[in-house]
Amino acid sequence: MVATSPGMTAEQLFGYEIPGKRVELVRGRLVVREAASFRHGAITLRIGIALHHHLVGEQARNGWSLPRGRLATADPGFTLARRPDTVRAPDIAYVSRERHAAPMPDGFPEFAPDLAVEVRSPSDRAGAVVAKVGDWLSAGTAMVWVVDPPRQSVVVYCADGSVTVLGISDALNGEDVLPGFSMLLATLFAEE
């Protein structure tokens, strides 16, 4: 029997930093990506603000003490697998309180978010993006939005295996994950 090294762990990744880069852990191997562009950040912000307004508005309309769930941006890490460890970091993550009512941990949660939003960068290879979507869905994410700014499109991947491609004249919807959420892609991709 040959022993193999498990590679880097989620605990070793926590706090690990390479200035000016974004990092993830995929099956024990460190993956380093370039910093995001301004346009990438602006589109991520627009989606994040729209999701936040939806959650806060829903909370107010229903008189809830807390919103339905929690949002995080800026590549929050989630431990999706162990031995070897995989820590993926979406541009935006949504976690429902129904699924995880406890306070979020200081480190990487040991579960997948309900919704993962990935905004493609020009350097992202299609195969790597699809692999990341597969990791999210395999770990229990209900829906993944892959936003493609140059093509002004969004591909929606759902846990049931369905894939929907939306164009500039369509609306992005929260479906069962975020009921009532809708955002026009024309608004999302509008230039300032």
Side-chain angles (χ1 to χ4, degrees), residues 10 13-15 22-25 33 35-80 86-121 124 129 132-133 135-149 153-159 164 166 170-185 187-190 192:
L13 180 67
F14 189 69
R22 298 182 296 163
V23 296
E24 290 182 314
L25 191 61
R33 298 181 302 156
S37 69
F38 187 88
R39 184 168 189 218
H40 180 280
I43 288 171
T44 301
L45 180 63
R46 284 186 202 131
I47 296 169
I49 289 171
L51 289 169
H52 172 75
H53 283 303
H54 171 74
L55 290 170
V56 170
E58 180 185 54
Q59 176 187 0
R61 284 189 305 279
N62 291 303
W64 298 338
S65 60
L66 296 169
R68 174 187 302 271
R70 293 168 273 206
L71 289 171
T73 62
D75 302 315
F78 289 82
T79 303
L80 303 182
T86 294
V87 176
R88 290 292 200 174
D91 292 300
I92 300 173
Y94 165 74
V95 176
S96 71
R97 289 185 194 280
E98 180 180 318
R99 194 159 151 258
H100 186 78
M104 296 299 279
D106 287 334
F108 304 127
E110 297 266 343
F111 57 84
D114 295 274
L115 170 67
V117 181
E118 299 286 351
V119 178
R120 285 193 67 177
S121 294
D124 288 342
V129 172
K132 196 170 187 179
V133 169
D135 285 346
W136 288 121
L137 295 175
S138 294
T141 298
M143 186 164 45
V144 180
W145 296 341
V146 176
V147 181
D148 191 334
S153 66
V154 177
V155 182
V156 179
Y157 297 87
C158 294
T164 306
L166 303 173
D170 295 318
L172 185 58
N173 294 300
E175 301 180 26
D176 293 339
V177 177
L178 283 162
F181 175 80
S182 184
M183 180 180 199
L184 296 173
L185 266 61
T187 302
L188 174 61
F189 295 118
E192 281 123 30

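Here, residue 1 is the first one in the sequence, and each next residue gets the next number.
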Applying side chain to side chain contact (heavy atoms under 4.5 Å, CB included) to Leu55 and Leu178, what does each step give before you reach the verdict?
CA-CA 8 Å; Leu55 290 170; Leu178 283 162; 3.7 Å; yes
Could you go step by step and tell me if Val95 and Met104 meet the side chain to side chain contact (heavy atoms under 4.5 Å, CB included) rule?
CA-CA 9 Å; Val95 176; Met104 296 299 279; 4.1 Å; yes
Go through the steps to decide whether Glu175 and Leu115 satisfy the test side chain to side chain contact (heavy atoms under 4.5 Å, CB included), and finish with yes or no.
CA-CA 11 Å; Glu175 301 180 26; Leu115 170 67; over 6 Å; no
Mind running side chain to side chain contact (heavy atoms under 4.5 Å, CB included) on Val117 and Tyr94 for me, showing each step along the way?
CA-CA 9 Å; Val117 181; Tyr94 165 74; over 6 Å; no
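Taking 4.5 Å as the limit, every side-chain heavy atom of Ser153 sits out of range of all side-chain heavy atoms of Phe189. Between Ile43 and Arg46 there is a side-chain heavy-atom pair separated by less than 4.5 Å. Here the side chains of Asp91 and Val147 are not in contact, with every heavy-atom distance at 4.5 Å or above. Within the 4.5 Å cutoff, no side-chain heavy atoms of Asp148 are placed close to those of Val155. Annotation: side chain of Arg97 is in contact with side chain of Pro67 (closest heavy-atom distance under 4.5 Å). No side-chain heavy atom of Met183 sits under 4.5 Å from any side-chain heavy atom of His54.
Interatomic distance, Ile92 CD1 to Ile47 CD1, rounded to the nearest 0.5 Å: 5.0 Å. Summarising the geometry, atom CG belonging to Leu188 is positioned 12.0 Å from atom CG belonging to Asp170; distances are rounded to the nearest 0.5 Å. For the atom pair CG (Leu80) and CG (Leu25), the distance works out to 10.0 Å, reported to the nearest 0.5 Å. Rounding to the nearest 0.5 Å gives a distance of 8.5 Å between OG1 of Thr44 and CG of Asp75. The CD1 atom of Ile49 lies 10.0 Å from the OG1 atom of Thr73; values are rounded to the nearest 0.5 Å.
The shortest heavy-atom contact between Ser182 and Ala171 is OG-CB, 3.7 Å. Contact between Arg99 and Pro113 at its shortest, heavy atoms only, is NH1-C, 3.6 Å. Pairing each heavy atom of Thr141 with each of Ala159, the nearest pair is O-CB, 3.8 Å. The heavy-atom pair separating Phe111 from Phe78 by the smallest distance is O-CD2, 3.0 Å. Scanning both residues, Pro149 and Arg39, for their nearest heavy atoms gives O-NH2, 3.6 Å. Here the closest heavy-atom approach between residue Arg22 and residue Ser121 is recorded as NH2-OG, 3.8 Å.
Under the side-chain hydrogen bond (donor to acceptor under 3.5 Å, both in side chains) criterion, Glu24 pairs with Arg88, Lys132, sequence neighbours left out. Tyr157 pairs by the ring pair (Phe, Tyr, Trp, His ring centres under 6.0 Å) definition with nothing, not counting sequence neighbours. Evaluation of the side-chain contact (heavy atoms from CB on, under 4.5 Å) rule for Phe14 yields Phe108 as partners, not counting sequence neighbours.
Under the 30°/60° scheme for interplanar angles, the aromatic rings of Phe181 and Trp145 are found to lie parallel.
For Asp106, the CG atom counts as loosely surrounded, since its 6.0 Å shell holds 12 or fewer non-hydrogen atoms of other residues, nucleotides or ligands.
Under a 3.5 Å cut-off, the side chain of Arg120 and the backbone N or O of Val146 do not form any donor-acceptor pair. Remark: the backbone N or O of Val119 is paired with a side-chain donor or acceptor of His40 at under 3.5 angstrom.
Of the options Glu98, Glu58, Gln59, a side chain to side chain donor-acceptor pair (under 3.5 Å) to Arg68 is made by Glu58 and by none of the others.
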